[in-house]
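Residue numbering restarts at 1 for every chain, and letters A, B, ... go by the order of the sequence lines. Fair warning: this is a prediction, and the values are worked out from it, not measured in the lab.
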There are 2 protein chains.
Amino acid sequence: MSILSDHIEAFIKSMLEEMAQVEMQRGELARRFGCAPSQINYVLSTRFTPNLGYYIESKRGGGGYIRIMRIDMNKDAYVMELVNEVIAESLREQQARSLIAQLYEKRAVTLGEARLMMAAISDKVLPAPQENRDAVRAGILKNMLLALANEMSRKEATEHGTM
Amino acid sequence: MSILSDHIEAFIKSMLEEMAQVEMQRGELARRFGCAPSQINYVLSTRFTPNLGYYIESKRGGGGYIRIMRIDMNKDAYVMELVNEVIAESLREQQARSLIAQLYEKRAVTLGEARLMMAAISDKVLPAPQENRDAVRAGILKNMLLALANEMSRKEATEHGTM
DNA sequence: AACATATTGACATTCCCTGACCAATTGGTA
DNA sequence: TACCAATTGGTCAGGGAATGTCAATATGTT
């Protein structure tokens, strides 16, 4: 049930684990996955954005290429940049989830902490406008506790398990 | 007797007896039972609620899915009691804080996790009624990140330090 | 009858993927 | 130099595929 974009993303990230920088041709990658070249752009623009810690250069024409660079920062700096620069006044759930996943991949948070954060920002627990603060908070905390309990109940799973 | 919902419920629960986590597609399940897809949502929202010990995630679009997780009610009895009994529909900030503090003292959560929870439920980040969901979420996440950064920046402090 | 529960269907939202068209770079040729 | 053809990547609108929401309706219970 996994999706083409996930495969492409995983492929690129596996290369980025060995090198901090990967260079390739869009068409070549598209042929490897049997998809339209623009699909590559879609993956890059949704999963390898600057906000997520990647930097991309490219060149057209003969000998053209796409270069994907992983930006490594120390954890404190990364977190502070997220707080100060990346997270705007408004943040949609999917963006938030990607950010948290990145924090986890960079080992800036533990699995348990990432789960808590996911739980706290889920649309499920956020208020219809008229609800009062206390009700909202109860929902958030319940959701966080459940996320944590769920993690504990499968503690024997893979150490660096998926989220 | 209204059978359909009961059948769907039983079907899901039978799967959950073998795995602690089940992933499926809403439309597929609806076809299997010959009902409207939204019927699945009804069953999930009435019979697989957090209070009953279930945690649900989902994703839309191509490759979308619904993931239903069962929480081990025995192992996590304390957490479930909190969710079901202690935390009412409404919870004021001070009550929430002492609850989290207790979790930490019982070593049910790490210091980092407790900080995150405190951050998520703080009055500071909860909405004035008219703000929209995204803005609320941004505030929550920022606050959690700050709590985390603050914890990291004094990593050398006492192991079981004060909150 | 009145109330609670169940079910449907229309519509909204989100994510994925493609194809047509556009832009830039290179190399060749007059 | 001027121009053209070939070769790359970029962008965007649109359609398809999946879940979410909600009001209306049907069904069951007391």
Specify the separation, in whole Å, of atom [atom1] of [X] and atom [atom2] of [N].
X      : N       : atom1 : atom2 : value
L44(A) : dC12(D) : CG    : C1'   : 16 Å
R31(B) : dA18(D) : CZ    : P     : 8 Å
L4(A)  : dT18(C) : CG    : C1'   : 11 Å
F48(A) : dG9(D)  : CZ    : P     : 17 Å
N41(B) : dT13(C) : CG    : C1'   : 13 Å
E9(A)  : dC17(C) : CD    : C1'   : 16 Å
I68(A) : dG9(D)  : CD1   : P     : 12 Å
Q95(A) : dT14(C) : CD    : C1'   : 13 Å

Salt-bridge present ([X], [Y]; N to O < 4.0 Å):
X       : Y      : value
R47(A)  : D6(A)  : yes
D123(A) : R92(A) : no
R97(A)  : E93(A) : yes

Does a side-chain N or O of [X] approach OP1 or OP2 of [N] to a distance below 4.0 Å, or not?
X      : N       : result
K59(A) : dG10(D) : no
Y42(B) : dT7(C)  : no
S5(B)  : dT7(C)  : yes
T46(A) : dC15(C) : no

Starting at the 5' end of DNA chain D and moving along, which residue's nearest nucleotide shows up first, G27(B) or M24(A)?
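Its nearest nucleotide being more 5', the pick is M24(A).
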
Just call it for [X]: base, sugar-phosphate, or nothing, with non-hydrogen atoms closer than 4.0 Å on any strand.
X      : result
R47(A) : sugar-phosphate
S38(A) : base
I40(A) : nothing

With nearest nucleotide decided by heavy atoms, which residue, R92(A) or G62(A), maps closer to the 5′ end of DNA chain C?
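Taking each residue's closest nucleotide, the earlier one in sequence belongs to R92(A).
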
For DNA chain C, whose closest nucleotide is more 5', that of Q39(B) or that of R60(B)?
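Nearest nucleotide further toward 5': that of Q39(B).
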
Among [options], which nucleotide has an atom closest to any side-chain atom of [X]?
X      : options                   : result
A36(A) : dT21(D), dC15(C), dG19(C) : dG19(C)
R26(B) : dT8(C), dT21(D), dA6(C)   : dT21(D)
Q25(B) : dG9(D), dA18(D), dC16(C)  : dA18(D)

Would you say the side chain of Y54(B) lies within less than 4.5 Å of the side chain of R70(B), judging by non-hydrogen atoms?
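Yes - at least one pair of side-chain heavy atoms lies under 4.5 Å apart.
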
Using side-chain heavy atoms (C-beta onward) and a distance below 4.5 Å, is T46(B) in contact with S5(B)?
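SC-SC contact between T46(B) and S5(B) ruled out.
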
Rounded at 0.5 Å granularity, tell me how far CZ in R115(A) sits from CD in E113(B).
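One finds 11.0 Å between CZ of R115(A) and CD of E113(B).
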
